[in-house]
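Written below as structure tokens is the structure these notes are about.
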Amino acid sequence: MAITIDDVARAAGVSTSTVSYVLSGKRPISAPTRQRVERAIRDLGYRPHAGARALASSRTNVLALMAPLRVDVDVSVIMQFVTGVVTAARTFDHDVLLLTADEIAGMERVASGSMVDALVMMDIEADDPRVPVLASLSQPAVLIGLPRDPEGLSCVDLDFDAAGQLAVRHLARLGHRKIALIGSPRAVLERHTSYAQRMMDGFRRGTADAGIEGVIEPCESSMVGAVAAVDRVLDRLPDVTGLVVHNEVALPWVIATLRDRGRHVPDDVSVVAVCPPDVAAGQPLPLTNVDIPAHTIGKVAVEMAMARVERDEPAETRLLAPVLVERASTVAPRR
């Protein structure tokens, strides 16, 4: 089997573009990196020719974005991430190829066919089977999410653990001693989706640190799911005075169900939403929220991808600090 430039790149632990630059001399490469590439070329017995060098150094000016559109995700929020990626890609003169299924075959097809310069993947699970495949590709990849083991890939996301703690601290500071988290659908939790797990971990940590009582209920993204989740909270914690909602689709129905059960926001129950700001501010009663900065995360993901493509920078992980915006939905509990 013929040795390819991708084989050299994997052996040297660099991108194919870096190998191409070493071969062509078109861009300066640090001495240690150049030595690793040259050693890999010698060890593998790679024999490049002029045509192969030209092909290897070419760019597609396309990024692949894998954004699975599952029934249990809020498509409107997903599209905010997509918009952030597309807008940032244009600043680098790149287009975006959108993959809406989570099939590994599709990911491998666009990579092996040299259709894209880099890949960005969303909806990351704690032990995501796609991560080892991405790590094996010649193109760099960035994860919007945080798996248990990134396997050398760059990652960016909101620090959801800190977001859960921040929401709890806000309610505790106001004097709430019994609070609940209405979270993601069961299917999301059963997939061990990273953001949902970290949100629950932060909520548990926050209630423990504050010495207050807290319960967690999953919530299907529907009116029926919201009604059932609120009723379970009221059964488990009848005198609940604070609620954290991490489910954008169910959010309006959660508020409506509280009202139907005689619990008015904020007089009886204070509500903190974990969602993009437009979702929180657009409710009939504007909600205090911990911001999910979807556009910013998408922008950072593209910047990280291009840093790998253009400058062969090492992989990194960035967790954005959460920001809470206080609005009318949170007040001190009645005594």
Side-chain angles (χ1 to χ4, degrees), residues 6 9-10 12-19 21 29-30 32-33 36 59-68 78 80-99 102 104 107-108 110-112 114-162 193-195 197-198 292-322:
D6 288 343
R10 279 193 289 271
V14 298
S15 66
T16 54
S17 60
T18 298
V19 178
Y21 293 143
I29 301 296
S30 69
T33 299
R36 289 208 315 274
R59 293 272 185 83
T60 66
N61 281 66
V62 176
L63 301 178
L65 172 61
M66 179 175 277
I78 290 293
Q80 291 192 27
F81 286 95
V82 173
T83 301
V85 169
V86 171
T87 302
R90 292 310 306 152
T91 67
F92 289 95
D93 196 28
H94 272 62
D95 294 313
V96 175
L97 174 63
L98 181 61
L99 307 176
D102 60 357
I104 290 176
M107 182 174 64
E108 291 178 317
V110 300
S112 62
S114 299
M115 297 169 62
V116 299
D117 293 332
L119 298 93
V120 177
M121 189 168 72
M122 297 180 57
D123 201 28
I124 304 300
E125 300 167 12
D127 297 299
D128 200 305
R130 298 167 296 174
V131 169
V133 178
L134 277 178
S136 71
L137 300 177
S138 58
Q139 294 95 331
V142 176
L143 309 178
I144 296 180
L146 186 64
R148 214 181 315 271
D149 181 2
E151 300 198 26
L153 301 176
S154 294
C155 303
V156 59
D157 205 359
L158 174 68
D159 189 338
F160 279 96
D161 189 305
T193 305
S194 171
Y195 68 82
Q197 293 276 4
R198 289 182 283 132
I292 296 180
H295 286 89
T296 300
I297 292 173
K299 175 176 178 288
V300 172
V302 170
E303 291 171 348
M304 295 171 81
M306 295 310 300
R308 301 291 305 273
V309 169
E310 295 181 343
R311 300 185 297 280
D312 196 28
E313 292 189 0
E316 61 175 319
T317 293
R318 294 190 211 173
L319 293 180
L320 307 187

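For the numbers below, each heavy atom of this structure counts, side chains included, while hydrogens, waters and symmetry mates do not.
- Between the side chain of Arg36 and the backbone N or O of Ala12, at least one donor-acceptor pair lies under 3.5 Å.
- Not a single ring pair (Phe, Tyr, Trp, His ring centres under 6.0 Å) links Phe81 to another residue, sequence neighbours left out.
- Taking the side chain as every heavy atom from C-beta outward, Pro68 and Met66 approach each other to under 4.5 Å.
- Between Val110 and Ala64 the shortest heavy-atom distance is CG2-CB, 4.3 Å.
- Once rounded to the nearest 0.5 Å, the distance linking CG of Leu119 with CZ of Arg130 reads 11.5 Å.
- A distance of 9.0 Å separates CG in Leu65 from CG in Leu63, rounded to the nearest 0.5 Å.
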Might you work through the side chain to side chain contact (heavy atoms under 4.5 Å, CB included) test for Thr16 and Val19, ending with a clear yes or no? CA-CA 5 Å; Thr16 54; Val19 178; 5.6 Å; no

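- Under the salt bridge (Lys or Arg N to Asp or Glu O under 4.0 Å) criterion, Arg10 pairs with Asp7, not counting sequence neighbours.
- Listed by chain and number, the residues in a side chain to side chain donor-acceptor pair (under 3.5 Å) with Arg198 are Asp157, Ser194 (sequence neighbours excluded).
- Side chains of Met115 and Val62 form no contact here, defined as non-hydrogen atoms less than 4.5 Å apart.
- In plain terms, the two heavy atoms of Leu153 and Ala135 that are nearest each other are CD2-CA, 3.9 Å.
- Nearest approach of Gly152 to Arg308, heavy atoms of both residues: O-NH1, 4.0 Å.
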Only distances under 3.5 Å count here; give the side-chain donor-acceptor pairs of residues 293-304 to other protein atoms, sequence neighbours excluded, each with its distance to 0.1 Å.
{"residue": "Lys299", "atom": "NZ", "partner": "Glu303", "partner atom": "OE2", "Å": "2.6"}

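- Residues that satisfy the salt bridge (Lys or Arg N to Asp or Glu O under 4.0 Å) test with Asp149, not counting sequence neighbours, are absent from this structure.
- Asp161 is linked by a salt bridge (Lys or Arg N to Asp or Glu O under 4.0 Å) to Arg205, counting only residues two or more places apart in sequence or in another chain.
- Applying the side chain to side chain donor-acceptor pair (under 3.5 Å) criterion to Asn61, with sequence neighbours excluded, gives no partner residue.
- Partners of Ser15 according to the side chain to side chain donor-acceptor pair (under 3.5 Å) rule, which considers only residues two or more places apart in sequence or in another chain, are Ser17, Thr18.
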Criterion side chain to side chain contact (heavy atoms under 4.5 Å, CB included) on Ile144 and Val156, from CA distance to verdict: CA-CA 5 Å; Ile144 296 180; Val156 59; 4.2 Å; yes

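- Here the closest heavy-atom approach between residue Ala67 and residue Ile78 is recorded as CB-CG2, 4.2 Å.
- A search for side chain to side chain donor-acceptor pair (under 3.5 Å) contacts involving Glu151 returns nothing, not counting sequence neighbours.
- Annotation: side chain of Val85 is not in contact with side chain of Val82 (no heavy-atom distance under 4.5 Å).
- Every residue meeting the side-chain contact (heavy atoms from CB on, under 4.5 Å) condition with Pro147, not counting sequence neighbours, appears here in chain and number order: Ile124, Val131, Leu143, Pro150, Cys155.
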Identify each donor-acceptor pair in which a side-chain atom of residues 89-99 lies under 3.5 Å from a protein atom, sequence neighbours left out, and give them as a table.
{"residue": "Arg90", "atom": "NH1", "partner": "His94", "partner atom": "O", "Å": "3.0"}
{"residue": "Arg90", "atom": "NH1", "partner": "Asp95", "partner atom": "OD1", "Å": "2.9"}
{"residue": "Thr91", "atom": "OG1", "partner": "Ala88", "partner atom": "O", "Å": "2.5"}
{"residue": "His94", "atom": "ND1", "partner": "Phe92", "partner atom": "O", "Å": "2.9"}
{"residue": "His94", "atom": "NE2", "partner": "Asp117", "partner atom": "OD2", "Å": "2.8"}

